[in-house]
Q: 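Handing you this structure, nothing more for now.
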Amino acid sequence: MILETIIPGFSILRQIFLNWFRFDITSLVAKAIFAAIVASAGQSIVEGIKELLFKFCFSSVTVPVADRLNREVLTWMSVHVVEKGSRHFAAKSSKRHGKSYHYQPSDFDERTPSVRYLPTIGAQWFWHRGRPFLFRQYESTDKLRNAGGGFEIKISCLGRNPEPLKRFLEDCKIFDDKINEGLTMVHTKGHHYNADCWSEPILKSSRPLDTVDLDVETKQDLVNDITEYLHPSARRSYGRRGIPYRRGYLFYGPPGTGKTSMCLALAGHFKLELYTLSGYGVRDDALAKLFATLPPKCIVLLEDIDSAGVTREHMIDEDGEKTKNQTRNGPPEQPPGHPNAQGITLSGLLNAIDGTTSQEGRVLIMTSNTPETLEPALVRPGRIDKQVFFGPISKQSAENLFVRIFSNTGDTDTGECSPIWLADGGLDRQELKDLATLFAEKIPVGTVTPAEVQGFLINNRKPRDSVAKVESWVQSTIEARRKRALEIMEAKKSERVNGSAPPVGPDLRSLSSQFAFPSPMYLLEQT
Ligand SMILES: Nc1ncnc2c1ncn2[C@@H]1O[C@H](COP(=O)(O)OP(=O)(O)OP(=O)(O)O)[C@@H](O)[C@H]1O
């Protein structure tokens, strides 16, 4: 009867065995079931005792997926345990995936293999400072925090004192800082399970601040300002005065004048991770989540904020009618279904920047080519505390750039200049300086950007030749720009005639007045 309940159809089976083999299977099946019950209960009891013993004799720490410490532990494990002789491990191609914990400075040397070895899922014992530790990696159940992928880590050590665990984590951090010296971590927008999240960091060589040319006082002022803001006591003093602990900067100027380079250099100088957004194919809720998941100290770069397509949703016109998605700046409205069709709105952006869920402690930098087209609300004090202008190359910057590009130091391990720059047979320091002064004098103020000069020097490679050709190059660059501006102007004019021009166009007059560059819109206004 009981067996019939456990195994439906048992009585029929029993009858078949009785008729065919004259054998009653009841006692055999009952014994088998009893043995299975005892075995499974025994396993649970053993597991329970093991768990209890583990809890009693070991200390443990869990490192969440999205935390920087997670990568630091993996890096330590990779170098100290896996690469020293693990038999079971995961291998990843560091260069292809660009994940930070696979990178090491040697990765930049093309001769070294680009494969990194990492601990695999599961448990692994290792020794640290004379103690046994257990490393375990498993899939996180918190799907929201695990949006960027990866595994949760649990480290345990023998003994009820958690101090060795803390020391281990501290050592992982110190080790990671050491191998990442001279590198800056840059995060961009990534995707995981269809959700927007910050990508795993890509490591970039830190750019020294003195390789970004900017007016000396402006640069010093900017660096001082950020230094004061990042001072350990600053957070508390902001709090005591009831001021949100945030600082925002607007870097503006024409393309190729060093805005992005300065952000990278600042991140390296202050040893902060850089979180950068450009392209803006995100919705308000995703942007808010990205800002909410920033670490407490970092630099956030919103590149080309004027092209973010920020819309003012449901503006009320004079007749009380709702006019949908009026665009003040950025590209024209996208048709429904376009990936940007439901991009960020102005209120969404403002909310992400300083809403209640937005992280405090970050340095926010927005860059723009056309600052006068930005919404006043976006750049008001409190959101943008300082505006820094990046302009065309100055004489001093041109000189610096020339010396930097042709100087004869440190390209190779032997301290020599790389052969690609030696086409002139090498120059001594004074000769180089004199040539640089000559070169800079031949560039009229306000005509070309640092990026253009850099491109010219790199293409030319020969210092003397560059000096000889620079004047004609500047003229042809100005001429090409003027031609392009006239073409755009003609196109705009015909758009106006056909009635397809946007109602409000970017007003570049203020920038044009600071440059010899003729801005297309400026020329258009003049006609
Ligand atoms: N002020 C500068 N000092 C040193 N290098 C510069 C400077 N400006 C531009 N460059 C060089 O020009 C290239 C482009 O610079 P960068 O991307 O920083 O310009 P940008 O102002 O951010 O341009 P965009 O507005 O198009 O984003 C880089 O390789 C950088 O090294």
Side-chain angles (χ1 to χ4, degrees), residues 184 186 188 202 204-223 249-269 274-280 299-309 329-331 363-374 379 387-407 411 420-421 436 439-440 443 445-461 466 473-474 477 481 484 506 508 510-512 514-515 517 519-520:
T184 303
V186 182
T188 53
I202 294 160
K204 289 201 169 192
S205 297
S206 296
R207 183 167 180 159
L209 261 182
D210 58 11
T211 66
V212 185
D213 296 304
L214 183 65
D215 168 62
V216 180
E217 261 179 44
T218 313
K219 196 200 278 189
Q220 196 52 50
D221 186 45
L222 176 65
V223 173
Y249 301 87
L250 175 69
F251 291 177
Y252 67 96
T257 48
K259 301 179 291 295
T260 312
S261 308
M262 179 56 95
C263 293
L264 192 62
L266 287 170
H269 180 78
L274 183 63
Y275 289 76
T276 152
L277 271 182
S278 55
Y280 303 97
I299 296 185
V300 190
L301 167 62
L302 299 183
E303 270 200 283
D304 295 329
I305 192 70
D306 38 338
S307 59
N329 49 329
V363 175
L364 173 70
I365 300 176
M366 297 187 209
T367 68
S368 169
N369 297 140
T370 56
E372 62 286 332
T373 66
L374 297 176
V379 291
Q387 304 202 2
V388 183
F389 173 64
F390 287 72
I393 199 158
S394 65
K395 291 221 176 296
Q396 186 58 54
S397 302
E399 214 174 305
N400 293 346
L401 189 57
F402 190 93
V403 171
R404 238 184 358 256
I405 288 196
F406 293 116
S407 80
D411 284 354
I420 57 164
W421 304 111
F439 176 80
I443 299 179
V445 175
T447 48
V448 281
T449 63
E452 285 169 328
V453 177
Q454 180 181 285
F456 168 70
L457 291 175
I458 291 175
N459 287 338
N460 231 5
R461 285 192 204 154
S466 303
W473 169 76
V474 170
T477 307
R481 193 180 297 128
R484 173 87 187 113
L508 300 183
S510 60
L511 278 181
S512 307
Q514 296 169 55
F515 299 105
F517 309 167
S519 136

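One-based numbering, in listed order, for ligands and for the atoms of each. Along the sequence shown, the residues carry numbers beginning at 1.
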Q: Select one of side chain, backbone, both or neither to describe which atoms of Gln454 lie under 4.0 Å from any atom of ligand 1, heavy atoms only.
A: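 Only the side chain of Gln454 comes within reach of ligand 1.
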Q: Verify the distance criterion only: is there a donor paired with an acceptor across the side chains of Asp306 and Thr370 at less than 3.5 Å?
A: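 Per modelled atom types, Asp306 and Thr370 side chains form a pair under 3.5 Å.
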Q: How far apart are the C-alpha atoms of Phe251 and Leu222, what are their side-chain angles, what is the distance that settles it, and do they pass the side-chain contact (heavy atoms from CB on, under 4.5 Å) test?
A: CA-CA 11 Å; Phe251 291 177; Leu222 176 65; 3.8 Å; yes
Q: Is the gap between the ring centers of Phe389 and Tyr252 under 6.0 Å?
A: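 Ring centres of Tyr252 and Phe389 closer than 6.0 Å.
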Q: Are the side chain of Asn369 and the backbone N or O of Gly253 linked by a donor-acceptor pair below 3.5 Å?
A: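 Checking the backbone N and O of Gly253 against the side chain of Asn369, a donor-acceptor pair under 3.5 Å is found.
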Q: To the nearest 0.1 Å, how far is atom 21 (O) of ligand 1 from its closest protein heavy atom, and which atom is that?
A: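 In this structure, atom 21 (O) of ligand 1 has Lys259 NZ, 2.7 Å as its nearest protein heavy atom.
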Q: Write out the residue and atom name of the closest protein heavy atom to atom 2 (C) of ligand 1, then the distance separating them to 0.1 Å.
A: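 Closest protein heavy atom to atom 2 (C) of ligand 1: Asp213 N, 3.6 Å.
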Q: Is the side chain of Lys259 donor-acceptor paired with the backbone N or O of Leu250 at a distance under 3.5 Å, no angle test?
A: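 No; zero donor-acceptor contacts below 3.5 Å.
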Q: Testing the 3.5 Å rule here: is there a donor-acceptor pair between the side chains of Thr276 and Thr188?
A: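 Thr188 and Thr276 do not have a side-chain donor-acceptor pair below 3.5 Å.
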Q: With a cutoff of 4.0 Å, is Leu214 in contact with ligand 1, counting heavy atoms of the residue only?
A: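 For ligand 1, residue contact (heavy atoms, under 4.0 Å) with Leu214 is absent.
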Q: Grab the two heavy atoms, one from Asp210 and one from Lys219, that are nearest each other, plus how far apart they are.
A: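 Answer, listing the atom of Asp210 first, then Lys219: CA-NZ, 3.7 Å.
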Q: Provide the closest heavy-atom pair for Asn460 versus Ser466 in the form atom of the first, atom of the second, distance.
A: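 Distance-wise, the nearest heavy atoms are ND2-CA, 3.2 Å.
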Q: Taking heavy atoms and a distance under 4.0 Å, where does Arg207 meet ligand 1: side chain, backbone, both or neither?
A: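 Within the 4.0 Å criterion, Arg207 contacts ligand 1 through side-chain atoms alone.
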Q: With atom 15 (O) of ligand 1 as the reference point, say which of Gly455, Ser261, Ser397, Pro255 has the nearest heavy atom.
A: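 Checking each option, the heavy atom nearest atom 15 (O) of ligand 1 is found in Ser261.
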Q: Residue-level breakdown please: for Ile393 versus ligand 1, do any non-hydrogen atoms fall below 4.0 Å on the side chain, on the backbone, on both, or on neither?
A: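 Answer for Ile393: neither.
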Q: Check Ile365 against Cys263 and note the closest heavy-atom contact, atom names and distance.
A: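 Closest heavy-atom pair between Ile365 and Cys263: CG2-SG, 3.6 Å.
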Q: So which heavy atom in the protein is nearest atom 13 (C) of ligand 1, and how far is it from that ligand atom?
A: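 The answer is Ala451 CB, 3.9 Å.
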Q: Tell me whether Gly256 has any N or O atom under 3.5 angstrom from an N or O of ligand 1.
A: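 Right, the criterion is met.
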Q: Using a 4.0 Å heavy-atom threshold (strictly under), name the region of Arg404 that reaches ligand 1: side chain, backbone, both or neither.
A: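 Answer for Arg404: side chain.
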Q: Please list the nearest protein heavy atom to atom 6 (C) of ligand 1 with its residue and the distance rounded to 0.1 Å.
A: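 The closest one turns out to be Pro450 CB, 3.8 Å.
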Q: Which is closest to atom 17 (O) of ligand 1 in terms of heavy atoms, Thr260, Asn400, Thr367?
A: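 Checking each option, the heavy atom nearest atom 17 (O) of ligand 1 is found in Thr260.
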Q: Atom 4 (C) of ligand 1: which protein heavy atom is closest, and how many Å away?
A: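 Atom 4 (C) of ligand 1 sits closest to the protein heavy atom Thr211 O, 3.1 Å.
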Q: Got the closest protein heavy atom to atom 19 (O) of ligand 1, with its distance?
A: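 For atom 19 (O) of ligand 1, the nearest protein heavy atom comes out as Gly258 N, 3.3 Å.
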